[in-house]
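The model shown is predicted, which means the values in this text are computed figures rather than measured ones.
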Amino acid sequence: MISYVVTKTKVINEKYHRFLDRNFPRFYVLYTIFTKGLRMLWADAKKARRIKANMLKHNIKFHQLSYREMEHLRQFRRDVIKCLFLGIISIPPFANYLVFLLMYLFPRQLLIRHFWTPKQQADFLDIYHAVRKQSHPEILTCLERTIPVISDAGLRWHLTELCSKAQRGTQPAVNDILVLRECFSDHPLGMNHLQALQLKVLSQAMLLTPHLPPFLLRSRLKNHTTVIHQLDKALAKLGIGELTSQEVKSACYLRGLNSTHIAEDRCRTWLGEWLQISCSLKEAELSLLLHNVVLFSTNYIGTRH
């Protein structure tokens, strides 16, 4: 009896899908994306729940998880925050009809990646990268302004050279970045010494809202950079070779590189060099990792438009 009901339901569902596809093709595309998105979000929620349950059961901290588990929780948290906003604005009576209209008109702002078409995903990633790239010149200007404040003549010279390379369109080497670790561990470029303007433009470069008080911007940047550092250590342990093409491109994009239009082998090369830098840094030097989002990505092959 149950198998008959299940079979009959599948047949009716298939007929309904064919009806929509034949008579309302544009609506059917949206309907298909929406239903697939819901299934993917539900699967993500179940996986996140399993990971959290395992963490609680075995007293495991976030930084002790595997790379894929850490990345899944990080992304799921961001998705949930976006979904919560939609849930809140749909609470008033009949507001859900307005919400559906807003979702259709503003998919980038209101929907998570599961509900984007492949073309929308590529377009929206380009838009987001253009937003963070707008902050790059100001970040380099802020770095140049701090050069006279640095007491060590050698470090002043290295930072001047690095800024000049960035402005000339030259990709820096790993050692060009690491030699400046001391500058970014204390005054004037340590995380606790960054000025309000620097915090705002760095937040924009990390796709975080810059419209918050400085102490909140600093806290969010610290947390965000710490998570990336923890992910980098877990990824170095796993090995870049174990990542799929999509995982590599997503990892590069998170770290500031617009990997949408860059070949996979170049993305793997860039990510390997990024890990060399990140895994060489201590917690007190994470301001360098934060600035590296700009310094190491802005002139990489394929990103200069």
Side-chain angles (χ1 to χ4, degrees), residues 40 43-44 47-48 51 54-55 60-79 113 118 121-122 124-126 128-129 132-133 136 162 165-166 170-181 184 205-207 223-283 285-304:
M40 292 168 69
D44 282 353
K47 183 176 180 180
I51 295 171
N54 189 55
M55 290 173 67
I60 299 173
K61 304 298 182 184
F62 177 78
H63 68 274
Q64 296 173 313
L65 295 171
S66 70
Y67 171 77
R68 287 193 172 98
E69 289 174 332
M70 291 170 67
E71 175 58 22
H72 184 84
L73 288 184
R74 184 200 68 80
Q75 185 61 57
F76 183 68
R77 286 170 187 162
R78 293 177 67 88
D79 291 343
R113 68 198 191 285
Q121 290 192 33
F124 294 166
L125 289 177
D126 281 342
Y128 281 129
H129 185 71
R132 62 185 181 187
K133 199 167 178 67
H136 290 190
L162 183 60
K165 279 187 176 182
T170 304
Q171 175 70 4
V174 170
N175 288 335
D176 293 335
I177 304 290
L178 288 178
V179 75
L180 292 165
R181 291 165 60 170
F184 291 84
M206 301 297 280
L207 294 177
N223 291 337
H224 199 72
T225 311
T226 298
V227 168
I228 290 178
H229 194 225
Q230 291 169 344
L231 282 167
D232 288 342
K233 289 182 176 178
L235 178 53
K237 186 176 180 181
L238 173 66
I240 297 175
E242 297 297 317
L243 297 186
T244 65
S245 174
Q246 183 55 49
E247 286 175 327
V248 168
K249 291 197 172 247
S250 296
C252 290
Y253 193 90
L254 173 65
R255 291 155 179 81
L257 185 71
N258 188 13
S259 52
T260 312
H261 308 289
I262 301 178
E264 181 188 341
D265 59 334
R266 292 194 180 279
C267 288
R268 289 184 184 275
T269 299
W270 184 89
L271 188 57
E273 292 178 347
W274 170 282
L275 291 183
Q276 289 181 48
I277 296 170
S278 181
C279 294
S280 300
L281 299 178
K282 300 174 183 176
E283 186 177 347
E285 300 164 340
L286 289 188
S287 177
L288 178 55
L289 190 65
L290 176 58
H291 284 81
N292 203 42
V293 169
V294 175
L295 295 170
F296 208 61
S297 68
T298 191
N299 292 317
Y300 191 65
I301 298 169
T303 62
R304 293 168 295 217

Can you name the closest pair of heavy atoms from Leu125 and Asn258 and give their distance?
O-OD1, 4.5 Å
Quick one: are Arg113 and Gln75 in side-chain contact, heavy atoms under 4.5 Å?
yes
Are the side chain of His129 and the backbone of Leu257 linked by a donor-acceptor contact shorter than 3.5 Å?
no
Shortest non-hydrogen pair, Thr225 vs Leu286, comes out as CG2-O, 3.4 Å
Does any N or O in the side chain of Tyr67 come within less than 3.5 Å of the main-chain N or O of Lys237, such that one atom is a donor and the other an acceptor?
no
Assess the side chains of Thr269 and Glu273: does a donor N or O sit below 3.5 Å from an acceptor N or O?
no
Is any side-chain heavy atom of Gln276 less than 4.5 Å from a side-chain heavy atom of Leu178?
no
So with a 6.0 Å cut-off around CZ of Arg77, is the heavy-atom count from everything else above 12?
yes
Check: Ile228 main-chain N/O paired with Arg74 side-chain donor or acceptor under 3.5 Å
no
If every non-hydrogen atom of Phe296 is compared with every non-hydrogen atom of Pro172, which pair is closest and at what distance?
CE1-O, 3.4 Å
Tell me the closest heavy-atom pair linking Ser259 and Lys249, and the distance in Å.
OG-O, 2.6 Å
Between CD1 on residue Ile262 and OH on residue Tyr253, distance to nearest 0.5 Å
11.5 Å
To the nearest 0.5 angstrom, please state how far the NE2 atom of His224 sits from the CG atom of Leu289.
10.0 Å
Treating Arg181 as the side-chain partner and Ser280 as the backbone partner, does any N or O pair qualify as donor plus acceptor under 3.5 Å?
yes
Going by an N to O cut-off under 4.0 Å, is there a salt bridge joining Arg68 and Glu247?
yes
Using side-chain heavy atoms (C-beta onward) and a distance below 4.5 Å, is His229 in contact with Ser278?
yes
Side chains of Asn292 and Trp274: is there a donor and an acceptor less than 3.5 Å apart?
no
Gln121 CD: over 12 foreign heavy atoms closer than 6.0 Å:
yes
For a quick check under 3.5 Å, do Lys133 and Thr298 share a side-chain donor-acceptor pair by atom type?
yes
